[in-house]
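What follows is a set of notes on a single structure, which appears directly below.
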Amino acid sequence: MSLKIYNSLTRKKEEFVPQAEGKVTMYVCGPTVYSLSHIGHARSAVSFDVVYRYLKYKGFDVTYARNYTDVDDKIIKRANDEGVTSEVIAERYIKAFDDDMEALGIELPTHRPKATETIDRIIEVTQTLIKNGYAYESNGDVFYSVRLKKDYGKLSGKNIDELESGARVDVNESKKDPLDFALWKASKPGEPAWDSPWGKGRPGWHIECSAMCMQWLGTTIDIHGGGKDLIFPHHENEIAQSEAATGKTPYARYWLHNGFVNIEKEKMSKSLGNILNISEVLKDYTSEALRLFLLSSQYRSPIDYTRDSLKDAESAMERFYKTVQRIETEWPDSTSVEFCVQCNQDKYKAIFDAMDDDFNTAEVIGQVFKEVTRANKLMDEAKASGKKEGTLELAYILCVFNLASKMLGIFCKKPAEYFNDKNSRSSIPAEEIEKLIVERTEARKNKNFKRADEIRDELLAKGIILEDSAKGTTWTTKS
RNA sequence: GGCGGCGUACCCAAGUGGCAAGGGAGCAGUCUGCAAAACUGCCAUCCAGCGGUUCGAAUCCGCUCGCCGCCUCCA
């Protein structure tokens with residue numbers, strides 16, 4: 001079956017056909033690096049990570065660029081507040097972003113350009129726009145004339161005249177029209193500046209993405225992604241200036257936009273003070289739980305982060321890894337990969353069909369957990385009947401897990417790795433827990449269940465759950 | 001005001017014409033010294049409401065109600 005993608009430009013699901021057979025070019029708007037990344041950034045990153053993984057899995061040769069906006073008003077403000085240069089701020093938060101991405105298991109894009117490394121190209125595109133009559137210089141600034149292209153507004157569905165009457169007018173004497181936006185800004189003293197035909201200055205916000213796309217991917221790209229909020233004005237302006245500069249339409253063939261993350265039903269915003277950073281969440285929950293939460297609804301819908309949502313996801317993740325662990329210890333033969341070739345393809349098809357339908361990750365997760373239940377049932381039944389015929393079926397189930405893990409970037413750890421990661425969040429040191437477990441085991445041997453239960457309750461109060469089995473006692477943190 | 005979206009069980013959520021996936025929580029059973037985990041069973045005759053189309057709709061159409069996003073920096 002072919003891949004269908006919802007295209008914001010046409011507002012329809014369309015069959016995905018790249019312009020060059022077998023090759024895909026994809027650009028996603030990355031962060032403005034002036035503060036720590038929040039779970040909204042995580043959602044965008046995870047959503048497009050899955051798109052990237054799946055396209056590769058389908059056999060496309062994907063060139064994927066995600067930028068860093070490292071010159072911008074907010075960065076400058078932060079730098080001034082701290083009394084350092086904007087480079088210092090940018091470098092610090094690029095590092096922080098990269099660390100967050102790594103923790104989230106995001107695959108590295110092919111290119112990760114910075115705006116400040118693309119200045120030559122930005123100037124070149126701006127010059128072209130002036131030459132083509134779409135932009136004008138005014139007191140060292142260069143503006144793009146929004147009214148000159150008749151199809152302005154095609155992505156966001158905006159009408160220029162309505163925009164103007166409703167818009168808060170940006171008071172700027174240099175502009176011919178309030179809707180015009182800056183391609184190049186004359187720099188004030190103390191701001192980062194580059195030489196240009198219009199004097200010292202720095203790029204505007206929208207132009208960098210156009211320039212980076214052209215530089216790394218070409219004049220018409222296959223996929224352009226970003227958060228829903230970027231549709232207007234950012235992506236609208238990108239389209240206008242790129243198409244005006246190159247004369248080629250469309251600038252991007254498929255536009256993908258991920259939905260927002262709300263916090264307890266409210267929009268995340270600085271004024272509400274409810275911004276949740278990725279690093280904060282990962283202090284309490286594993287990255288797989290966060291990814292599972294983000295992927296358990298469709299990437300275009302809004303999702304609501306609540307106190308319980310990550311707990312639920314963590315419990316689900318634990319259920320998954322418990323099952324894998326059980327298969328590996330009770331049925332080690334089934335972990336042999338050569339069984340994969342014999343696998344029946346029905347479940348695979350269900351997973352591919354789901355992903356082909358605009359990346360229905362929730363459906364894939366549903367399929368995985370169906371197999372989790374099936375695996376456990378199979379092992380229980382085998383245990384009851386004393387038969388050992390489930391090896392092939394379990395191997396097949398593991399293959400389904402493996403397939404899903406490649407696409408979603410979850411379900412891919414060794415169980416021990418996952419539990420170590422999870423248990424590293426325990427409130428007391430592991431050695432202390434181990435010591436108490438030894439004491440409790442001794443007490444249980446002596447049938448001193450009162451003391452044994454005391455220890456268990458004591459640990460439970462600290463968020464540690466004990467599990468007794470024939471092989472001894474293990475512990476885990478409460479999610 | 002303009003544009004777009006949403007409303008499925010206690011919570012989250014998939015399903016977009018053929019008799020409601022999955023996760024979490026809860027209850028009961030098996031197991032256990034007791035628990036925990038795991039498994040089994042139960043948990044939406046119904047998909048905001050009202051009409052219509054159809055042999056048949058949560059899925060299509062119309063209306064009503066409720067919620068949300070964008071139009072300004074924002075993932």
Side-chain angles (χ1 to χ4, degrees), chain A residues 8 11 13 28-32 34 37-48 72-74 153 156-159 161-163 165-170 205 225-234 236 257-262 265-270 275 292-293 296-298 300-306 308-320 322-323 325-326 350 354 357 360-373 375-381 383-384 444 447-450 452-453 456-457 460 465-470 473-476 478-479:
Chain A
S8 304
R11 296 182 186 84
K13 266 186 206 171
V28 172
C29 290
T32 300
Y34 72 104
S37 305
H38 52 66
I39 54 174
H41 295 108
R43 184 175 198 198
S44 180
V46 169
S47 299
F48 292 108
D72 158 273
D73 291 347
K74 292 186 291 288
S156 55
K158 307 260 178 247
N159 172 304
D161 296 315
E162 281 164 4
L163 266 178
S165 58
R168 243 183 260 171
V169 178
D170 179 6
W205 174 34
K228 262 201 167 94
D229 53 320
L230 296 179
I231 292 173
F232 188 87
H234 183 54
E236 197 66 74
H257 292 99
N258 66 273
F260 266 45
V261 180
N262 294 321
K265 301 236 195 294
E266 283 186 310
K267 183 175 168 175
M268 226 189 325
S269 75
K270 254 167 265 161
I275 301 226
L292 181 70
F293 164 66
S296 61
S297 41
Q298 221 277 340
R300 284 186 281 120
S301 329
I303 51 175
D304 194 31
Y305 180 99
T306 66
D308 290 333
S309 53
L310 267 273
K311 269 191 192 176
D312 290 357
E314 193 79 86
S315 299
M317 224 51 246
E318 196 161 342
R319 173 164 147 77
F320 173 81
K322 278 260 158 83
T323 302
Q325 198 166 46
R326 184 176 173 200
D357 183 14
N360 189 344
T361 51
E363 173 65 29
V364 176
I365 291 166
Q367 293 291 337
V368 166
F369 279 97
K370 249 193 223 170
E371 295 302 285
V372 166
T373 302
N376 280 311
K377 202 183 286 190
L378 209 137
M379 288 187 284
D380 277 2
E381 280 165 6
K383 199 182 240 172
R444 288 178 69 213
K447 302 252 188 273
N448 183 358
F449 296 122
K450 186 166 169 284
D453 291 351
R456 189 168 62 199
D457 292 344
L460 186 62
I465 296 167
L466 296 186
E467 289 170 19
D468 298 327
S469 78
T473 301
T474 55
W475 63 276
T476 180
K478 198 159 72 178
S479 21

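Labels below follow one simple rule: chain letters A, B, ... track the order of the sequence lines, proteins then strands, and each chain is numbered from 1.
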From CD1 of A:I303 across to P of B:rC11 the rounded distance in Å is 18 Å

Checking N1-N3 plus N6-O4 or O6-N4 for Watson-Crick, or N1-O2 and O6-N3 for wobble, each under 3.5 Å, the partner of B:rA28 is B:rU40

Original post:
Looking only at side chains, do A:R300 and A:N258 share a donor and an acceptor under 3.5 Å apart?
Top reply: no

A:H234 meets the ring-ring contact (aromatic ring centres under 6.0 Å, His included) criterion, sequence neighbours left out, with A:W205, A:H206

Is A:F260 stacked on the base of B:rG69 when the test is centres under 5.5 angstrom and planes under 30 degrees?
-> no

**Message:** Looking at A:E236 and A:S156, would you say the former's side chain and the latter's main chain have a donor-acceptor pair under 3.5 Å?
**Reply:** yes

Partner of B:rA48 under the Watson-Crick or G-U wobble criteria, both distances under 3.5 Å, comes out as B:rU64

When rounded to the nearest 0.5 Å, the distance separating CG of A:D357 from NZ of A:K13 is 3.5 Å

Salt bridge check: are A:K377 and A:E371 linked by an N-O gap of less than 4.0 Å?
no

Just checking A:R326: base, sugar-phosphate only, or nothing, at a heavy-atom cut-off of under 4.0 Å? sugar-phosphate

Taken to the nearest whole Å, CD1/A:I275 to P/B:rC73 is 17 Å

Whole-angstrom distance between B:rG29 and B:rA44, as gauged at atom C1': 24 Å

So, does A:T474 get its side chain near the phosphate of B:rA36, meaning an N or O under 4.0 Å from OP1 or OP2?
no

Of the candidates B:rG2, B:rA75, B:rC39, the side chain of A:K377 sits closest to B:rC39

Taken to the nearest whole Å, CD/A:Q298 to P/B:rG23 is 20 Å

When every non-hydrogen atom of A:A362 is compared with those of A:S296, the smallest separation belongs to CB-O, 3.4 Å

The Watson-Crick or G-U wobble partner of B:rU59, with both key distances under 3.5 Å, is none

query = Are any of the side-chain nitrogens in A:D453 or A:R444 under 4.0 Å away from the carboxylate oxygens of its partner?
reply = no

From the candidates B:rA75, B:rA13, B:rG2, the one with an atom nearest any side-chain atom of A:D229 is B:rA75

> Looking at B:rC34, does its base get a donor-acceptor pair with the side chain of A:D468 below 3.5 Å?
Replying inline: yes

From CD1 of A:I231 across to P of B:rU72 the rounded distance in Å is 14 Å

Next on the checklist: By the 4.0 Å heavy-atom rule, please label A:V261 as base, sugar-phosphate, or nothing.
Outcome noted: base

Whole-Å distance, A:D304 CG to B:rC68 P, equals 12 Å

The nucleotide from B:rA37, B:rC73, B:rA75 with an atom nearest the side chain of A:T32 is B:rA75

- Query: Which is true for A:K370 with a 4.0 Å heavy-atom rule: it touches a base, it touches only sugar-phosphate, or it touches nothing?
  - Reply: sugar-phosphate

Nearest-angstrom distance, C1' atom, B:rG49 to B:rG66: 10 Å

OP1 or OP2 of B:rG15 sitting under 4.0 Å from any side-chain N/O of A:N360?
yes

Classify the nucleic acid contact of A:L292 as base, sugar-phosphate or nothing, counting any heavy atom under 4.0 Å across all strands shown.
nothing

Using a 4.0 Å heavy-atom cut-off, does A:S156 contact any base of the nucleic acid, only the sugar-phosphate backbone, or nothing at all?
sugar-phosphate

Closest non-hydrogen atoms of A:T323 and A:A375, given as atom of the first, atom of the second and distance, are CG2-CB, 4.1 Å

When rounded to whole Å, the NZ to P distance for the pair A:K267 and B:rG5 reads 19 Å

For B:rC73, the nucleotide meeting Watson-Crick or G-U wobble distances (both under 3.5 Å) is none

Base, sugar-phosphate, or nothing for A:S469, non-hydrogen atoms under 4.0 angstrom? nothing

(Q) Any base atoms under 4.0 Å from A:H38, or only sugar-phosphate, or nothing? Heavy atoms, all strands. (A) base

For nucleotides 24-27 of chain B, give me every protein contact, N/O to N/O, under 3.5 Å, one pair per line with atom names.
| residue | atom | partner | partner atom | Å |
| --- | --- | --- | --- | --- |
| B:rG24 | O2' | A:D312 | OD1 | 2.4 |

Handout entry: Side-chain-base donor-acceptor pair under 3.5 Å for A:D453 and B:rG33
Key = yes

Is it the case that A:K228 places NZ or CZ above or below the six-membered ring of A:F260, under 6.0 angstrom from the centre and within 45 degrees of the axis? no

| query | Which is true for A:M268 with a 4.0 Å heavy-atom rule: it touches a base, it touches only sugar-phosphate, or it touches nothing? | reply | base

B:rG52 versus B:rC3 - spacing of their P atoms, nearest Å: 30 Å

Taking only side-chain N and O atoms of A:N376, does any of them lie within less than 4.0 angstrom of OP1 or OP2 on B:rC39? yes

So, does the side chain of A:R300 form a donor-acceptor pair with the base of B:rG5 at under 3.5 Å? no

Paired to B:rU53 by Watson-Crick or G-U wobble criteria (both distances under 3.5 Å) is none

B:rA14 -> Watson-Crick or G-U wobble partner, both distances under 3.5 Å, gives none

Taken to the nearest whole Å, CG/A:N262 to P/B:rC11 is 18 Å

Report yes or no: is there a donor-acceptor pair, N or O only, under 3.5 Å between the side chain of A:R456 and the base of B:rA35? yes

Rounded to whole Å, the CD-P distance (A:E236 to B:rG4) equals 14 Å

